[in-house]
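No hydrogens, no waters, no symmetry mates; every other heavy atom, side chains included, goes into these values. Just so we're clear, the structure is a prediction, and the values are computed from it rather than from any experiment.
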Amino acid sequence: MNEVVDSETTPLKGYQGATLPNHVLVRAALHVEEALKSTPSSPSTVRFFKHPKLSHGDEVLNYVRLLTYRFTSNYFSFLASSSITAQLLLTFIQPPPWCGDDCSNFLDSSCYPSFPSWMLISWKTSQLIEKITLITILLELFLRTVYLTEPPKYFDASSLFRSDPSSPSRLPVSVKNSIYVVTTLFLFSFAFFPSATSTLPPIKPFLRLTLFVIASDNTIRELSLIRSLLPEVMRILMLEFLLLSIYAWFGTVIFTNQSEEGITSFSDFPSAMWSLWVLLTTANYPNIMMPAYSQNRAAFLYFSSFILVAYYFMMNLLLAAVYSDYDKFMKAKRERVDQNQKANLEEAFSLLDVNNEDEITKDTVSSLFDFLNEHCPDVGYIDTVRANLLFAVLDSSGDNLVDMGEFLHFCQVLSLEFSSAESYRGWFELNFHSRWEQVHDIVETRKFALLVDWVLVLNAVVIAFQSQHELTGDRESGQETSAEVWSWECYETIFTVLYVIEMILRVLSSGWKRYWEQNRNKFDFVVTMITVGVSVYVYYPNLENDHRWIRYVMMFRLLRLLRLVVALEQFQVIGATLTEVLPNAARMLLVLFCTFYLFSVIGVLLFGGIINSDPESVYSGRLKNTEFADSNFWANNFNDHCSAFVTLFELLVVNNWTVTCDGFSAATGSKVTRLFFVFFHLIGVVVINNLVISFVVEAFMTEYSAAGSRGKRRSKTTDRGVTVSSQLATFDATSITGTKSGVQGTYYARVGNRGVG
């Protein structure tokens with residue numbers, strides 16, 4: 001950012017007559033924002049502010065670009081991202097290319113198994129949606145160009161799309177921009193000039209995927225990680241291929257054509273390679289071994305040695321290599337994040353420390369908070385009370401000054417969220433304090449919790465008795481008399497009333513705010529209210545007065561029994577770990593989705609319409625008397641993209657994948673078709689699945705260790721008067737770490753999700 005001396009300055013009361021220019025505070029605030037993003041120490045975020053040397057025309061242009069930037073960032077960026085996603089999802093509801101304009105005739109026929117044609121839209125509607133989304137994408141691109149072309153003098157706008165700096169080999173910004181623009185223009189040409197592009201190959205779905213990937217930094221990062229893993233994976237796969245070749249060679253020699261094994265699986269070298277590849281996936285074991293093993297027990301040595309070496313050793317070696325590289329990547333990423341955060345905070349501190357005294361005053365930090373509020377809205381608004389508390393925590397020495405060591409904890413301190421104890425006091429506590437104390441003393445006892453647990457167990461026993469005929473499979477004798485139905489309804493009503501009473505008592509005791517902060521209470525509240533709603537709906541005279549609806553909700557209520565499991569400390573740690581790991585798995589699922597999309601598009605182009613039972617189709621005749629047809633695998637096809645996704649998911653699970661593969665090979669009449677399924681197995685199972693396992697193991701170990709340490713904590717009071725319980729700290733806000741905060745009363749502090757990016 002260009003250094004400009006602004007006439008408007010902020011006085012620093014700690015320094016005699018010293019002033020801090022506003023543009024310095026802006027730059028410091030931007031560095032803090034970059035530190036929260038953990039990006040390199042060179043703030044390139046577009047920022048605009050008035051400068052006295054700007055001419056009237058430049059000033060107007062500056063504000064026009066400011067408004068354009070804010071409008072684009074707040075509204076059109078989301079619309080463009082949604083349009084890109086809509087472009088990708090449009091593929092699933094468009095008629096598949098193999099059936100042209102007569103898709104409804106084909107897909108509604110029982111001869112062509114697929115998802116129903118009513119899920120598809122017409123080509124005309126599809127083209128309309130495509131044009132609208134592309135116009136939105138191009139308009140957002142144009143608006144970005146407006147405020148990035150020939151920028152005015154006093155701001156830096158060096159990047160159109162920010163790449164993830166933690167990526168091991170992130171894509172250069174210029175390359176990303178070029179791919180983004182070219183892909184968008186190609187899609188625009190396909191949509192608005194169909195006659196001119198009709199002779200081109202059907203690359204539109206691939207362009208949509210490219211646009212989706214290039215607009216997602218998370219996806220690019222994971223793909224870059226996969227690319228970095230490929231050399232090690234390829235080396236191990238080459239060893240695996242060499243091992244397959246050796247065993248296939250031995251197999252063709254050992255199992256002669258006179259034996260059943262030689263005829264079915266080892267008739268020639270390619271057949272032997274295929275049989276052993278299938279064996280490597282364990283999809284045909286022990287079937288492949290049984291003919292030879294039945295004749296000679298020594299055949300077990302051949303197959304067992306192959307499985308031990310090729311499967312148990314080599315495939316686990318592959319997993320170990322992927323995990324090792326992934327672990328190195330994550331450690332390097334964390335180091336880069338820490339380094340970037342430290343570099344940005346050091347730069348911000350040097351800007352704020354105008355007199356080079358290695359410390360800054362509370363007024364300077366307060367001014368920084370003000371500029372964060374004004375110029376960095378993504379950080380989150382910092383009001384006066386929170387600003388005073390944050391400074392008091394930041395000033396760990398208690399001298400009302402912040403040195404470099406303390407300032408380096410700025411990001412961690414900024415993640416704290418504060419709430420006054422008074423805000424947690426509910427209406428019942430404020431107006432009926434003596435009654436509240438009685439209710440609170442009852443609800444917070446161990447006896448009350450045990451009573452609720454016993455009610456849950458008794459509820460489960462009643463439901464088990466009520467469902468005994470279904471559980472034992474004796475459904476014919478399970479017809480209930482009116483007296484039995486009435487008795488079960490009475491039990492259900494009693495339990496519903498008990499759960500409502502429990503919910504009310506907990507809300508009165510804790511107050512609504514504290515009650516709703518616990519996920520367990522949210523689950524109990526939702527289940528209880530659904531039960532009450534269904535009960536009222538069933539008992540109120542109407543056409544849907546079937547009491548079985550209440551039973552269904554009661555079955556759902558059994559999930560509350562998980563409370564008994566969660567009460568154990570060991571399961572609390574596991575539950576907390578899963579809660580932390582699952583949200584972070586979204587980027588892995590996104591990569592898997594992109595892989596599925598790519599292979600589904602290729603599959604529909606190659607195999608669309610060939611799986612059918614149409615007597616007039618040449619493909620259906622080839623499928624007769626095959627295991628594919630005998631197993632009723634007709635729904636496993638690539639006749640439409642939704643069916644393709646289901647088929648690919650079954651291939652990812654691996655079990656019986658050879659039945660599907662052999663069915664397509666029989667329909668096409670070529671064994672070359674197997675290559676499609678082999679490539680998907682290599683990418684989807686060998687690479688991505690191992691990467692997912694590595695991610696889960698690494699994330700689980702990290703979170704399990706952190707959650708374990710949190711779970712071992714007990715409620716304790718420090719020598720500074722701070723009571724720590726789990727992730728919540730209770731403290732007197734008057735003085736924190738020896739610093740007078742100027743805030744009165746008891747406060748709660750917890751680590752929130754504040755941050756950027």
Quiz item: Between R235 and E240, does at least one N-O distance fall below 4.0 Å, as a salt bridge requires?
Solution: no

How about F649: does its CZ atom have over 12 heavy atoms from other parts shown lying under 6.0 Å from it? no

Mind running side-chain contact (heavy atoms from CB on, under 4.5 Å) on W123 and Q94 for me, showing each step along the way?
CA-CA 7 Å; W123 282 107; Q94 281 181 325; 4.3 Å; yes

Using modelled atom types only, decide if a donor and an acceptor are shared between the side chain of S224 and the backbone of I220 within a distance under 3.5 Å.
yes

List the steps and the verdict of side-chain contact (heavy atoms from CB on, under 4.5 Å) for F306 and L244. CA-CA 9 Å; F306 175 79; L244 278 172; 3.4 Å; yes

- Message: Closer than 3.5 angstrom, by distance alone: can the side chain of T136 be matched with the main-chain N or O of I132 as a donor-acceptor pair?
- Response: yes

With V686 as partner, the option from L318, L319, L691 fulfilling side chain to side chain contact (heavy atoms under 4.5 Å, CB included) is L318

Side chain to side chain contact (heavy atoms under 4.5 Å, CB included) test vs T184 passes for just one of I84, L138, I214, namely L138

Could you walk me through whether Y285 and F303 pass the ring-ring contact (aromatic ring centres under 6.0 Å, His included) check? CA-CA 9 Å; Y285 188 79; F303 291 100; 7.4 Å; no

Q) Do K333 and E698 sit within salt-bridge range, that is, some charged N less than 4.0 Å from a carboxylate O? A) no

Where do I683 and I226 land on the side-chain contact (heavy atoms from CB on, under 4.5 Å) test, with the steps shown first? CA-CA 10 Å; I683 297 176; I226 292 175; over 6 Å; no

Could you give me the CA-CA distance, side-chain angles and deciding distance for T281 and Y311, then say whether side-chain contact (heavy atoms from CB on, under 4.5 Å) is met?
CA-CA 8 Å; T281 66; Y311 179 73; over 6 Å; no

- Query: Hey, would you say the F596 and F680 ring centroids sit under 6.0 Å apart?
  - Reply: yes

(Q) Side chains of N612 and S617 only: does a donor on one sit below 3.5 Å from an acceptor on the other? (A) yes

### Task
Compute whether any side-chain donor of one residue and acceptor of the other, for T91 and R208, lie under 3.5 angstrom apart.
yes

- Between W634 and S613, does any side-chain donor sit less than 3.5 Å from a side-chain acceptor? no

Only residue of Y619, F664, F638 satisfying side chain to side chain contact (heavy atoms under 4.5 Å, CB included) with I611 is F664

**Request:** Report the relative orientation of the aromatic rings in F677 and F607; use parallel for angles under 30°, tilted for 30 to 60°, perpendicular for over 60°.
**Result:** parallel

| Does the side chain of D640 reach to within under 4.5 Å of the side chain of M119, using non-hydrogen atoms? | no

Under 3.5 Å, side chain of D268 to main-chain N/O of S271, donor-acceptor pair present? yes

task: Ignoring hydrogens and angles, tell me if any N or O in the side chain of S670 forms a donor-acceptor pair with the backbone of V672 under 3.5 Å.
output: yes

Is E222 reaching over with its side chain to a backbone N or O of M588, donor-acceptor style, under 3.5 angstrom?
-> no

Should the ring pair Y597 and H641 be called parallel, tilted or perpendicular, given that the plane angle runs from 0 to 90° and is split at 30 and 60?
parallel

Q. Are the aromatic rings of F241 and W277 close, with centres under 6.0 Å apart?
A. no

So, S126 side chain and S122 main chain: donor-acceptor pair closer than 3.5 Å or not?
-> no

Review point. Looking only at atom types and distance, does a side-chain atom of N639 sit under 3.5 Å from a main-chain N or O of P113, one as donor and one as acceptor?
Key: yes

Discussion item. Can you confirm whether L682 sits close enough to V687 that some side-chain heavy atom of one is under 4.5 Å from a side-chain heavy atom of the other?
Written reply: no

**Message:** With a 4.5 Å cut-off on side-chain heavy atoms, are I530 and V526 touching?
**Reply:** yes

* To do: Would you please say whether a donor-acceptor pair under 3.5 Å links the side chains of T673 and T668?
  => yes

- Item | Salt-bridge criterion met for D327 and K331 (N-O under 4.0 Å) | yes

query = Do S665 and D662 meet the criterion of a side-chain donor-acceptor pair at a distance under 3.5 Å?
reply = no

Is the shortest side-chain heavy-atom distance between W657 and L652 below 4.5 Å?
no

field: N/O donor-acceptor pair under 3.5 Å between T133 side chain and A86 backbone
entry: no

* Got a sec: does the CD of E627 have more than 12 other heavy atoms crowding it under 6.0 Å? -> no

Practice task
Say whether, by atom type as modelled, one donor and one acceptor occur between the side chain of T595 and the main chain of V591 under 3.5 angstrom.
Solution key: yes

Give a yes or no answer on whether the side chain of N284 reaches the backbone of L279 with a donor-acceptor pair at less than 3.5 Å. yes

| said: Could you tell me if S82 and T85 have a donor-acceptor pair between their side chains, going purely by distance under 3.5 Å? | reply: no

* **Atom CZ of F92 with >12 non-hydrogen neighbours under 6.0 angstrom** => yes

**Request:** May I have the step-by-step check of ring-ring contact (aromatic ring centres under 6.0 Å, His included) for F599 and F679, ending in yes or no?
**Result:** CA-CA 10 Å; F599 277 89; F679 279 122; 8.1 Å; no

